[in-house]
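Comments concern the structure below.
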Amino acid sequence: MTLEGLRDQLRSLYFGHRGRSRLFRISLLAFDFITSVYFLATIREEHVGIYRIIDLAIFGVFLAELFIRLAISHHPRKFLARISTWADIAVLVSLIVPLLIEDLGFLSILRTLRFVRSYRIMVEIKQYLPVPKRYDDVVNAGGNLVVFVFILSSMVWVLEANSNPKIGSWLDAVYFTISTLTTTGFGDITMQDPAGKILSIVIMVFGVALF
């Protein structure tokens, strides 16, 4: 098989409308979901031993997938200029740099940017779901809201898990995010550090726009 033939097959997987193309993109979304759960579940763990091996394996898969998408792109320069591409690069940095330099473990917050890629895939898959046209706006709004809350809660958890004693689990992060997003603000969980306060401001500003 020629190089161009291989590219055509890969393009078919990434952009095609056949069953195997849909299955491939669903598999990518499932892998992103599994890795996202892994990132959130191990935020308080020291990434040595088996965690280091898993991080390197995920790094290898993400790097290979990024190069494949670059190789099959019809416009490589536009591809490199996309926000989602730079988000993927940031995730790669967050995976490899802390393994080389111990004091840079805080870069793990960048791993939440992988959700940008997951969201794009999910939007593509959603068009295949048998949703009546009259409910399309409701489904889109509900889906966007769920994804948005998930991303913000994950950012709160990653940023505050090791520094805020009031956020002891991801559920606490979800609770804080929703109460802040809706501007309810119970006050039982508050941010004490500058980064947390800035994130709270961002959540409240988006909350006003959304609700």
Side-chain angles (χ1 to χ4, degrees), residues 25-26 28-45 47 55 58 62 82-95 97-98 104-126 129 136-211:
R25 290 195 291 272
I26 291 174
L28 284 180
L29 183 61
F31 181 75
D32 277 351
F33 177 76
I34 292 171
T35 54
S36 299
V37 171
Y38 165 75
F39 291 155
L40 297 175
T42 61
I43 191 62
R44 287 183 169 179
E45 303 293 336
H47 281 233
D55 285 352
I58 294 174
F62 283 177
R82 291 175 183 170
I83 295 177
S84 59
T85 300
W86 283 100
D88 286 345
I89 293 173
V91 173
L92 290 171
V93 171
S94 74
L95 282 166
V97 172
L104 296 181
F106 67 90
L107 289 176
S108 59
I109 191 173
L110 295 177
R111 298 177 186 180
T112 57
L113 294 175
R114 184 66 184 183
F115 300 139
V116 175
R117 170 68 181 161
S118 302
Y119 179 70
R120 290 191 63 184
I121 296 175
M122 190 160 56
V123 168
E124 293 178 12
I125 293 174
K126 193 163 55 178
L129 298 178
D136 195 48
D137 289 341
V138 175
V139 172
N140 285 334
N144 291 340
L145 183 60
V146 169
V147 171
F148 187 68
V149 170
F150 182 79
I151 292 175
L152 286 179
S153 300
S154 300
M155 291 182 68
V156 170
W157 172 238
V158 171
L159 189 64
E160 297 292 315
N162 294 317
S163 60
N164 194 330
K166 292 185 178 181
I167 299 181
S169 67
W170 190 73
L171 182 59
D172 291 335
V174 175
Y175 167 77
F176 170 81
T177 300
I178 293 178
S179 63
T180 306
L181 193 64
T182 57
T183 66
T184 302
F186 294 111
D188 51 341
I189 299 178
T190 57
M191 299 296 189
Q192 304 298 325
D193 58 300
K197 291 179 180 179
I198 291 173
L199 181 57
S200 298
I201 292 171
V202 171
I203 294 173
M204 284 184 281
V205 168
F206 276 107
V208 171
L210 284 174
F211 290 94

Quiz prompt | Side chain proximity check, Trp157 to Ser153, heavy atoms < 4.5 angstrom | solution = no
Quiz item: Can you check whether Leu92 reaches Asp88 side chain to side chain, under 4.5 Å on heavy atoms?
Solution: no
Quiz item: Shortest non-hydrogen contact from Met191 to Ser200?
Solution: CG-OG, 3.2 Å
Quiz item: Closest heavy-atom contact between Val149 and Thr177?
Solution: O-CG2, 4.3 Å
Quiz item: Which one of Ile34, Thr35, Leu29 satisfies the side chain to side chain contact (heavy atoms under 4.5 Å, CB included) criterion with Phe31?
Solution: Thr35
Practice problem: Could you grab the distance from atom CD1 of Ile58 to atom OH of Tyr38, nearest 0.5 Å is fine? | Solution: 5.5 Å
Practice problem: List the atom of Gly196, the atom of Asp193, and the distance in Å for their closest heavy-atom pair. | Solution: N-OD2, 3.0 Å
Self-check item: Minimum-distance pair of heavy atoms, taken over all atoms of Asp55 and Leu95
Solution: O-CD2, 4.2 Å
Practice problem: Check whether any side-chain heavy atom of Phe176 lies under 4.5 Å from a side-chain heavy atom of Leu152, and answer yes or no. | Solution: no
Quiz prompt | CG on Leu199 to CE on Met204, rounded to 0.5 Å | solution = 9.5 Å
Self-check item: Parallel, tilted or perpendicular: ring planes of Phe186 versus Tyr175, cut at 30 and 60 degrees
Solution: parallel
Would you give me the side-chain donor-acceptor pairs under 3.5 Å for residues 164-174, sequence neighbours excluded?
residue: Asn164; atom: OD1; partner: Lys166; partner atom: N; Å: 3.0
residue: Asn164; atom: ND2; partner: Glu160; partner atom: OE1; Å: 3.4
residue: Asn164; atom: ND2; partner: Thr190; partner atom: O; Å: 3.0
residue: Ser169; atom: OG; partner: Leu171; partner atom: N; Å: 3.4
residue: Ser169; atom: OG; partner: Asp172; partner atom: N; Å: 3.4
residue: Asp172; atom: OD2; partner: Gly168; partner atom: N; Å: 2.9
residue: Asp172; atom: OD2; partner: Ser169; partner atom: N; Å: 3.3

Quiz item: About how many Å separate OG1 of Thr180 and CD1 of Ile201, when rounded to the nearest 0.5 Å?
Solution: 11.5 Å
